[in-house]
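A short worksheet on the structure shown next.
Side chains included, hydrogens not; waters and symmetry mates left out as well; all remaining heavy atoms used. Both counts, for ligands and for their atoms, begin at 1 and track the order of listing.
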Amino acid sequence: MMNLSTYKTANYKKLNEKGSFTFSAPSNIALVKYWGKKESQIPANPSLSFTLNHCKTMTTLTYETKDEKSISFDLLFEGQPKESFRPKIQKYFERIQDLCPYILDYHFTIDTQNTFPHSSGIASSASGMAALSANIIALERLVNPDQSEDYYEQKASLLARLGSGSACRSIKGNIVVWGETASIENSSDLFGVAFPYEVHSVFNNYQDTILLVDKGEKQVSSTVGHELMHHHPFAAKRFEQAHENIAKLKNILQSGDLEAFIALVESEALTLHAMMMTSMPYFMLMKPNTLEIINQIWKFRQETKVPVCFTLDAGANVHVLYPEKHKTEVQDFIQNELSKYCQNNQFIHDEMGFGVKEL
Ligand code: DP6
């Protein structure tokens with residue numbers, strides 16, 4: 001088993017030039033949910049996600065050598081200074097500085113852009129932290145060049161995890177598992193791994209349309225939500241269930257049993273929200289239109305037998321999941337029956353993607 005010290009860079013050189021990289025990283029949607037964590041961003045249970053393709057963050061990192069050792073950076077969002085992101089990035093650099101001491105040699109400029117509308121309510125922390133971490137590892141490739149490809153990929157995911165847990169699943173692979181669990185070989189709490197088994201062709205280019213139900217600020221952040229899983233009356237059972245669901249989903253992904261897929265995915269989504277509703281203090285992130293949409297999906301599925309289902313993240317938005325083969329009929333259904341429940345009738349068609357890319 002890998003331990004954290006494997007990823008601590010001890011020897012590195014100092015670059016004397018100025019340079020930059022640009023990476024894009026996609027968002028991802030969890031099917032088995034990460035909800036609850038221990039110290040240092042270690043998940044309380046394993047999770048599994050589909051990587052997305054169109055909802056992305058693009059980040060340019062410019063580095064410039066300086067004399068004193070310190071964390072030093074400027075932040076731009078779409079070319080403009082963005083001070084409100086500073087605390088999150090400062091914390092990220094503080095968390096990674098032991099593993100990446102070379103970052104203290106440079107002043108960074110971080111320029112970030114999202115492909116999705118800024119206020120869409122789509123969390124950009126997964127794609128954002130993955131894109132930033134891919135850039136840091138590009139720098140590490142220059143200052144500490146003799147490591148294996150696996151090392152750099154695992155470390156990129158590990159750094160992303162320290163920024164935001166779910167971000168570690170946006171580095172590499174179209175299906176990613178994060179969290180050590182018996183049914184997935186080489187799974188780790190430290191980083192995400194690409195699902196290591198063959199996947200049934202029904203899941204090729206699986207579609208995800210994100211229905212933007214509510215774009216307002218959430219009343220309870222994910223950070224606080226995770227926190228409330230400590231002392232939660234159902235936590236132990238829930239964490240156990242996530243391991244069981246990963247094992248079941250592993251078989252489903254191989255067999256292509258969509259009926260079982262739908263049951264597991266929808267149950268995971270509702271379980272996540274059940275955990276929120278049974279926390280103390282309790283809270284609810286679903287909105288009336290979230291429930292309208294869920295009921296419409298159930299009705300459509302019953303009437304048409306089209307294998308479409310939903311999942312939810314930590315908010316009111318609904319992700320509609322369906323095989324590529326049913327793209328036309330499901331997208332018509334979304335346009336005709338579901339868009340009216342979305343804020344400004346807004347939704348985003350996305351599909352499975354592969355992870356970070358250098359631009
Ligand atoms: C409900 O990764 O946003 O989307 O580690 O505190 O940054 P932090 O939390 P975050 O939590 C995501 C929770 C979720 C489920 C999931 O993506 O697995």
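- Partner of Y322 under the side chain to side chain donor-acceptor pair (under 3.5 Å) criterion, out of Q331, K327, E351, R301: Q331 alone.
- Within a 6.0 Å radius of NZ in K69, other residues, nucleotides and ligands contribute more than 12 heavy atoms.
- Identified under the side chain to side chain donor-acceptor pair (under 3.5 Å) test for residues 33-48, with sequence neighbours left out: K33-T311, K37-Q41, S47-R169.
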What does the contact table look like for ligand 1 (nitrogen or oxygen on each side, cut-off under 3.5 Å)?
residue, atom, partner, partner atom, Å
ligand 1, 2 (O), S164, OG, 3.2
ligand 1, 2 (O), S166, N, 2.8
ligand 1, 2 (O), S166, OG, 2.7
ligand 1, 5 (O), Y34, OH, 2.7
ligand 1, 5 (O), K37, NZ, 3.4
ligand 1, 5 (O), Q41, NE2, 3.2
ligand 1, 5 (O), G165, N, 2.7
ligand 1, 6 (O), K37, NZ, 2.7
ligand 1, 7 (O), S164, OG, 2.6
ligand 1, 9 (O), H226, NE2, 3.0
ligand 1, 11 (O), H226, NE2, 3.0
ligand 1, 17 (O), R169, NH2, 2.8
ligand 1, 18 (O), Y34, N, 2.9
ligand 1, 18 (O), R169, NH1, 2.9
ligand 1, 18 (O), R169, NH2, 3.2

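- Around atom CD of E198, no more than 12 heavy atoms belonging to other residues, nucleotides or ligands sit under 6.0 Å away.
- Under the 30°/60° scheme for interplanar angles, the aromatic rings of F85 and F77 are found to stand perpendicular.
- Using bins of under 30°, 30° to 60° and over 60° for the plane-to-plane angle, the ring pair H200/F203 lands in the perpendicular bin.
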